[in-house]
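Scroll down for the structure; my scribbles are underneath it.
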There are 2 protein chains.
Amino acid sequence: MVTKENAKQPARRGRPRGFDTETALDTGQRLFHASSYDAVGLAALTDALGVKPPSFYKAFGSKAAFFSRVLERYAQSALALDDILQPGRPPAQALAALLESAARTYTQDPEQRGCLVLEAARGQDGDDSATHARRVAEQRRNRIRQFIARTHPECAAAVTDFVTSTMSGLSASAREGMDQTRLMEVARIAIAGLEKQLGSE
Amino acid sequence: MVTKENAKQPARRGRPRGFDTETALDTGQRLFHASSYDAVGLAALTDALGVKPPSFYKAFGSKAAFFSRVLERYAQSALALDDILQPGRPPAQALAALLESAARTYTQDPEQRGCLVLEAARGQDGDDSATHARRVAEQRRNRIRQFIARTHPECAAAVTDFVTSTMSGLSASAREGMDQTRLMEVARIAIAGLEKQLGSE
DNA sequence: CATTTTCTTTAGTGACCATTACAAAATCCT
DNA sequence: AGGATTTTGTAATGGTCACTAAAGAAAATG
């Protein structure tokens, strides 16, 4: 297998790409997060990237495929569950930290309010972008549930439902303009409910 | 003033309208609630009404204006705040009833999941339908806040934020397919948080 | 230099959207 | 009956959308 060089090597044949795809994904993430998948048309997107539509399609295939890559990128960078839901950490404490992190993250940048994944997941049922967002959201949901089930298997489902539902509410509220102070208060009251359910240790 | 008869009298001059506008609003509400404002195109809407576009526009002016009337209609019929937030009722109890009613209502009909107003309020900022939905949501928010402020003026803002945020979460979860049993459990945990904040009396 | 490969550019494609011009039809008033 | 008035159906309007056909341009290969 000497034929195939490292995929990262741009030393391929033909005219080289005139833009950086990672930078493009960053820019796309910023645009989609600021408004929404539907609100960012291909014209606005390619204008912001400094790239004409055919180049965009050569590089990414479709707007939906581009968005999928943006979502994966975002899911890895934002709200790292591994850091928060460490095995052995008391669930009430870990989930409190999760909700507080969400409240903080969702209001950190006024141009990037709420959660990109959760907001995109609310698109229409048949929509490709919404379907992919829901898949990402479901994966994160499962990780939360498994973390809870280690210590509280009997109420893992209900608590997971509460946490994900609360995060959806936090994201929606952030989008509607609720600032960080207010959103942290909302998280605090939700955490009180969690502690009652799980025991506050 | 004998010139102007009762506005409800259809005994006007010219060709009579071939359909009932109230029935049309009902049908529109059902369609919009089942998917969304954007997802229901004018073709689908007029097909369902059995009405051609020009008749629709003569009667309602525009799709956005039609939707506004649907929203008003819905806000009056669903989740009557006057019944739930009765003055004198202990706030923890009243707000618990509000969240439980929301969880129940949002999952009652699988074709009408979530809250029409809250979901429509998540549309794009410049959008006419989203703007109107946010106005309706804001009015309901104010009524909740005033109810809380009667007994708990010091934390009325925070509790209102929590209740509205939780309702947004419930609506989103209902839309994603969470059933009534699960949503009621979510409401129950949220109510525990509320009681800790307000005192459970 | 010529060929091959890949990207970029220009300029459009058809599909769908909300909305409407126009004229025929149905009703009331005189 | 003969206007006056309002709603109807037919058929189109312009606008925006994601997407692309075709040809030119930049690189590696022979």
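Proteins come first, then strands; the chains are lettered A, B, ... in the order of their sequence lines, and each starts at number 1. In this text, all values refer to a predicted model and were calculated from it rather than measured experimentally.
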Rounding to an integer number of Å, can you tell me how far [X] [atom1] sits from [N] [atom2]?
X	N	atom1	atom2	answer
A:D38	C:dC17	CG	P	13 Å
B:D128	C:dA18	CG	C1'	13 Å
B:D47	C:dC16	CG	C1'	14 Å
B:K58	C:dA25	NZ	C1'	15 Å
B:D127	C:dC17	CG	P	15 Å
A:F56	D:dC17	CZ	C1'	14 Å
B:Y57	C:dC22	OH	C1'	18 Å

Quick one: on DNA chain D, does A:P53 or B:K52 contact a more 5' nucleotide (nearest heavy atom)?
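This one resolves to B:K52.
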So do A:Y37 and A:D127 actually touch side chain to side chain, heavy atoms under 4.5 Å?
yes
Side chain of [X]: nearest nucleotide among [options]?
X	options	result
B:P16	D:dG24, C:dA26, D:dA28	C:dA26
A:R15	C:dA18, D:dT6, D:dA25	D:dA25
B:L42	D:dT5, D:dT8, C:dA18	C:dA18
A:S62	D:dC19, C:dA26, C:dA18	D:dC19
A:K63	D:dC19, C:dT9, C:dT5	D:dC19

Under a 3.5 Å distance rule, please check whether A:K196 uses its side chain to pair with a backbone N or O of B:I191 as donor and acceptor.
no
Is there a side-chain polar atom (N or O) of A:S55 under 4.0 Å from OP1 or OP2 of C:dC7?
no
Under 4.0 Å: is that the gap between some side-chain N or O of A:R17 and OP1 or OP2 of C:dC7?
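True: A:R17 side-chain N/O within range (under 4.0 Å) of C:dC7 OP1/OP2.
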Categorize A:F19 for me: base, sugar-phosphate, or nothing, with a 4.0 angstrom heavy-atom threshold over every strand shown.
sugar-phosphate
Can you name the nearest heavy-atom pair linking A:C155 to A:L198, along with the distance?
SG-CD2, 4.0 Å
Check A:D179 against A:T107 and note the closest heavy-atom contact, atom names and distance.
C-CG2, 3.9 Å
In terms of ring plane angle, is the pair A:F32 and A:F67 parallel, tilted or perpendicular, where the classes change at 30° and 60°?
perpendicular
